[in-house]
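Written out below as structure tokens is the structure these notes cover.
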Amino acid sequence: MTLTVAAVARRLGVAPATLRTWDRRYGLGPSEHTAGAHRRYSSTDLARLVVMRRLTLEGVAPAEAAAIAATTAVADGGFALASVSTIPAAVIEAAVTDAAALAGPEQDGQDPAAADPRPGLPDPAAGAGAASGGAIGGEDDDEDDDEGPGAPRGAAGRPAAPAHAPGGLQDWAVQSLADRFAEEVRNRGAAAAWDAVLGPALATDDAALHEAVARALAVLPTRDDERSVVLAGADPAPRGPLLLAAAVALAEAGAGARSVGDGVPVRVLAAAVRRARPPAVLLHAHRERGPADVAALAVLLAVRPAPLLVLSGPGWPKAVEGCERATSLADAVRRCAAAVHG
């Protein structure tokens with residue numbers, strides 16, 4: 001039995017546009033055709049895509065994930081994947097397990113996508129450009145890509161995903177990712193783990209990854225001391241729970257943290273700083289900030305007693321007068337912790 005583009009997209013919890021991108025860029029496309037030249041995915045094709053999906057969720061670069069997925073083979077219901085030294089064995093094994101679970105032999109001759117009634121979120125990466133492996137404005141496939149008029153709909157007309165499994169993945173799969181992220185935090189520390197693993201993983205804009213990262217950080221301790229660092233995000237729509245990661249990392253360094261949230265105007269942040277009188281302020285920006293945004297920092301720099309103002313994230317210029325420019329979250333936490341203990 002072969003599957004349509006729409007069926008495979010639903011099965012993996014990605015948008016059809018993402019599948020077309022993976023086909024165009026990495027050659028992970030359907031190998032079967034039916035009458036009328038409709039493209040159909042075989043069980044081997046699906047197994048490779050499951051591996052691709054799993055590895056990208058683990059933070060593997062799409063090009064490398066595709067090269068690994070291309071080694072997936074299916075024979076007599078068994079799945080094999082070549083061992084790659086740069087990828088942990090546990091990740092390879094998890095990818096094969098996923099392939100066996102999602103792309104295994106169909107029962108009773110059913111389409112495996114039809115046998116699974118769980119709806120999936122359209123892949124947020126589909127409109128996020130090359131970094132996420134998605135496509136912007138991809139053409140509609142000639143098959144039934146739409147979920148149909150009776151499908152559950154969420155915000156902005158998107159098919160609703162089950163609350164327990166963002167991105168169409170089962171909850172155990174998301175929790176498995178969260179456990180892996182938590183282990184990275186334990187081994188590296190929160191800031192270093194964010195810079196090396198969690199932050200890059202969120203570059204895919206994948207809902208399941210966001211949930212897994214949030215779960216991993218939510219169970220970790222933070223502290224709120226008299227001399228706590230004030231944390232704020234300049235972007236109204238944050239790229240993952242960076243402020244929470246910063247609070248956890250500061251707690252590891254023996255410092256407290258108080259977050260005022262994301263998208264707070266500088267004048268409001270300045271008022272909070274006057275009240276709290278913190279030793280340091282960490283202000284993160286992922287999106288590029290213009291000259292007006294930089295000029296607005298003068299309000300914060302004028303607060304007395306003056307806290308150390310640390311700017312983090314790629315949105316800020318490399319140097320801002322009166323501020324310390326951090327090169328990473330670990331660097332930002334080190335500077336803020338030094339101000340607390342200094």
Just so I know, are the side chains of [X] and [Y] near enough to count as touching, which here means a heavy-atom distance under 4.5 Å?
| X | Y | result |
| --- | --- | --- |
| Val230 | Leu269 | yes |
| Val281 | Val303 | no |
| Thr4 | Arg40 | yes |
| Glu252 | Val248 | yes |
| Leu283 | Leu297 | yes |
| Pro314 | Glu288 | no |
| Val197 | Arg188 | yes |
| Pro241 | Leu202 | yes |

For the atom pair [atom1] ([X]) and [atom2] ([Y]), what is the distance rounded to the nearest 0.5 Å?
| X | Y | atom1 | atom2 | answer |
| --- | --- | --- | --- | --- |
| Leu300 | Arg274 | CG | CZ | 8.5 Å |
| Leu198 | Phe181 | CG | CZ | 5.5 Å |
| Arg48 | Trp22 | CZ | CH2 | 14.5 Å |

Of all heavy-atom pairs between [X] and [Y], which one has the smallest distance, and what is that distance?
| X | Y | answer |
| --- | --- | --- |
| Pro307 | Pro278 | CB-O, 3.3 Å |
| Gly256 | Asp225 | N-OD2, 3.5 Å |
| Glu321 | Leu301 | O-CD1, 3.6 Å |
| Cys336 | Leu282 | SG-CB, 4.0 Å |
| Ala190 | Ala245 | CB-O, 3.9 Å |
| Leu209 | Ala201 | CD1-O, 2.9 Å |

List for me each residue that meets side-chain hydrogen bond (donor to acceptor under 3.5 Å, both in side chains) alongside [X], sequence neighbours excluded, and say none if there are none.
| X | answer |
| --- | --- |
| Glu324 | Arg335 |
| Asp224 | Ser228, Arg258 |
| Arg289 | Asp235 |
| Arg334 | Asp331 |

Is there a path of hydrophobic side-chain contacts, each under 4.5 Å between heavy atoms, that joins [X] and [Y]?
| X | Y | value |
| --- | --- | --- |
| Val260 | Val266 | yes |
| Val213 | Leu220 | yes |
| Leu28 | Val5 | yes |
| Val273 | Val229 | no |
| Val340 | Leu308 | yes |

What side-chain hydrogen bond (donor to acceptor under 3.5 Å, both in side chains) pairs are there with at least one residue in residues 305-316, not counting sequence neighbours?
-> His284-Ser312
Distance-only, no hydrogens or angles: does the [X] side chain make a donor-acceptor pair with backbone N or O of [Y] under 3.5 Å?
| X | Y | answer |
| --- | --- | --- |
| Arg325 | Pro317 | yes |
| Arg227 | Ala339 | yes |
| Asp23 | Arg20 | no |

Applying side chain to side chain contact (heavy atoms under 4.5 Å, CB included), run through Trp194 and Leu244 and close with a yes or a no.
-> CA-CA 11 Å; Trp194 179 275; Leu244 177 56; over 6 Å; no
Among side-chain atoms of Ser176 and Asp179, is any donor-acceptor pair under 3.5 angstrom?
-> no
Is the number of heavy atoms from other residues, nucleotides or ligands under 6.0 Å of Arg277 CZ greater than 12?
-> no
With Ala247 via side-chain contact (heavy atoms from CB on, under 4.5 Å) - residues at least two apart = Thr222, Leu231, Ala257
Salt-bridge test for Arg180 and Glu184: reply yes if a basic N is under 4.0 Å from a carboxylate O, no otherwise.
-> no
